[in-house]
Amino acid sequence: MLKVENLTKRFKIHQLGGKIIQGFVDVNFEVKEGASLGISGPSGAGKSSILKCIYRTYIPTEGNIWYESELYGNVNLSTLKEHLITKIRELEIGYISQFLKVIPRVSALDIVANPLIVEGVPEKEAKEKAIELLKRLGISQNLFDAYPATFSGGEQQRINIAKAIIKAPRLLLLDEPTASLDSKATEIVLTLFKELREKGCTMIGIFHDKEILKKFSDEIYYLNIDM
């Protein structure tokens with residue numbers, strides 16, 4: 001499903017006179033279809049930057065990211081043209097960060113249903129699936145038509161998770177998805193991730209809590225900060 005080869009990311013900081021900051025160097029791993037890989041390492045080791053390179057919000061400095069796409073076959077995400085990356089993101093790859101970024105004044109229900117509507121699912125069906133998912137995640141029904149900007153941090157994160165998983169992506173990237181959740185909500189989310197994996201979804205995740213990381217991961221890739 002995914003093979004990362006000799007991946008390196010450096011950042012050029014123009015405000016510091018073009019100083020080069022090392023993100024990570026020579027990262028190598030493979031993830032089979034339906035498997036879950038955890039990435040572990042100290043703060044500043046580049047864990048989130050690896051996910052952003054795979055999602056291609058960062059362009060790697062060196063290396064390859066080979067991804068087996070249903071749309072385009074085996075492609076290198078490091079060099080793939082932007083319009084193809086955009087299409088793969090829409091239809092195949094999900095990304096959950098720690099923060100919900102959405103258009104203001106759009107209801108929680110519409111935010112969660114929209115990825116299915118983009119795929120061509122009829123609006124009524126998309127909203128029915130969104131309602132079912134929001135209920136499983138413990139979002140009160142009286143909040144479905146509210147704007148997530150008014151929600152608590154934990155509620156916003158559950159909207160964030162619902163928006164990413166409703167389309168059942170082939171590859172799901174997780175950057176501390178449970179950081180703002182209580183233990184009950186975390187267990188629900190981990191159950192949903194497990195169900196997605198049983199349907200063939202491949203996952204790469206970062207979790208601050210080591211117990212959650214172990215529970216989530218088939219295998220853990222360890223990053224060293226001085227690598």
Side-chain angles (χ1 to χ4, degrees), residues 36 48 51-52 54-57 70-71 82-83 85-209 212 215-216:
S36 58
S48 295
L51 296 189
K52 289 176 181 177
I54 295 171
Y55 200 59
R56 253 289 289 282
T57 46
E70 280 192 339
L71 291 171
E82 193 63 38
H83 71 281
I85 284 286
T86 299
K87 200 68 179 175
I88 286 175
R89 284 196 201 118
E90 283 181 0
L91 299 177
E92 296 193 32
I93 302 179
Y95 184 96
I96 303 174
S97 71
Q98 298 177 54
F99 309 102
L100 177 64
K101 296 178 183 178
V102 293
I103 299 171
R105 299 187 183 279
V106 177
S107 74
L109 181 58
D110 285 337
I111 287 168
V112 176
N114 186 64
L116 289 181
I117 294 170
V118 168
E119 286 188 344
V121 175
E123 183 176 349
K124 183 174 183 294
E125 182 182 341
K127 287 190 173 182
E128 286 173 354
K129 290 185 177 180
I131 287 170
E132 180 184 348
L133 185 53
L134 288 169
K135 285 180 177 178
R136 284 198 67 184
L137 284 163
I139 299 296
S140 173
Q141 195 159 348
N142 61 17
L143 294 178
F144 289 179
D145 293 324
Y147 305 140
T150 65
F151 292 8
S152 71
E155 288 168 338
Q156 287 188 13
Q157 186 62 352
R158 281 177 278 165
I159 299 299
N160 206 14
I161 290 165
K163 176 170 69 78
I165 70 174
I166 193 168
K167 63 180 182 180
R170 296 187 69 241
L171 175 64
L172 184 58
L173 308 173
L174 310 167
D175 191 353
E176 296 280 7
T178 59
S180 59
L181 303 183
D182 61 27
S183 58
K184 181 179 178 181
T186 295
E187 286 302 318
I188 292 169
V189 168
L190 291 176
T191 298
L192 287 167
F193 289 163
K194 182 181 178 183
E195 290 173 6
L196 280 175
R197 285 185 54 209
E198 289 170 352
K199 295 176 182 177
C201 179
T202 305
M203 300 186 186
I204 304 174
I206 300 166
F207 296 85
H208 177 73
D209 187 302
I212 295 174
K215 190 178 293 188
F216 165 83

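Predicted model, so just to flag it, every value in this text is computed and none were measured.
- Side-chain atoms of Glu176 come within 3.5 Å of backbone N or O of His208 as a donor-acceptor pair.
- The shortest distance between side-chain heavy atoms of Phe144 and Lys135 falls below 4.5 Å.
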Given the rule in the side-chain contact (heavy atoms from CB on, under 4.5 Å) test, do Leu91 and Glu119 qualify, once you have shown the distances and angles that lead to the verdict?
CA-CA 7 Å; Leu91 299 177; Glu119 286 188 344; 3.6 Å; yes
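- Counting only distance, with no hydrogens or angles, the side chain of Glu70 and the backbone of Glu92 share no donor-acceptor pair below 3.5 Å.
- Summarising the geometry, atom CD1 belonging to Ile139 is positioned 13.0 Å from atom CD1 belonging to Ile131; distances are rounded to the nearest 0.5 Å.
- Residues Glu125 and Lys129 are in side-chain contact: their nearest non-hydrogen atoms beyond the backbone lie under 4.5 Å apart.
- Ala164 and Ile96 make their closest contact through CB-CG1, 3.3 Å (heavy atoms, listed as atom of the first residue, atom of the second, distance).
- Atom CD1 of Ile188 sits about 8.0 Å away from atom CG of Asp182, to the nearest 0.5 Å.
- Every residue two or more places apart in sequence or in another chain was checked for a salt bridge (charged side-chain N to carboxylate O under 4.0 Å, His left out) with Glu132, and none qualifies.
- Partners of Tyr55 according to the ring-ring contact (aromatic ring centres under 6.0 Å, His included) rule, which considers only residues two or more places apart in sequence or in another chain, are Tyr95.
- The distance from the CG atom of Leu133 to the CD1 atom of Ile161 is 9.5 Å, given to the nearest 0.5 Å.
- Residues Val106 and Asn114 form no side-chain contact, since every pair of their non-hydrogen atoms from C-beta on lies 4.5 Å or further apart.
- Counting heavy atoms from C-beta on, the side chains of Thr57 and Arg89 come closer than 4.5 Å.
- Listed here is the closest heavy atom pair of Ile206 and Ser48: CD1-N, 3.6 Å.
- Listed for the Ser140 side chain is no donor-acceptor partner under 3.5 Å among the backbone atoms of Leu143.
- Between Gln98 and Asp175, some side-chain heavy-atom pair lies under the 4.5 Å cut-off.
- A pairwise comparison of heavy atoms in Ile93 and Lys167 identifies O-NZ, 3.3 Å as the closest pair.
- For the pair Leu192/Leu137, a side-chain contact is recorded, criterion being any heavy-atom separation below 4.5 Å from C-beta on.
- Taking a 6.0 Å sphere around CD of Glu90, one finds it holds more than 12 heavy atoms contributed by other residues, nucleotides or ligands.
- To the nearest 0.5 Å, the span separating CG on Leu116 from NZ on Lys127 amounts to 12.5 Å.
- Of all non-hydrogen atoms in Pro148 and Gln156, the two that sit nearest each other are O-NE2, 3.0 Å.
- Between Gly94 and Pro169, the shortest heavy-atom contact is N-CB, 3.6 Å.
- Side chains of Leu134 and Ile159 form a contact here, defined as non-hydrogen atoms less than 4.5 Å apart.
- Counting only distance, with no hydrogens or angles, the side chain of Ser152 and the backbone of Glu155 share a donor-acceptor pair below 3.5 Å.
- The CG atom of Asp209 sits 8.0 Å away from atom OG1 of Thr186, with the distance rounded to the nearest 0.5 Å.
- Legend: side chain to side chain donor-acceptor pair (under 3.5 Å) pairs involving residues 189-199, not counting sequence neighbours, sorted by first then second residue: Ser36-Arg197, Arg136-Glu195, Arg197-Asp218.
- Between Leu174 and Leu51 the shortest heavy-atom distance is O-CD1, 3.4 Å.
- Note: Phe207 and Phe216 have tilted aromatic rings, judged against thresholds of 30 and 60 degrees for the angle between ring planes.
- Taking CG of Leu172 as the start and CG of Leu196 as the end, the distance is 7.0 Å to the nearest 0.5 Å.
- Residues Lys215 and Glu187 meet the side-chain proximity criterion, which asks for heavy atoms closer than 4.5 Å.
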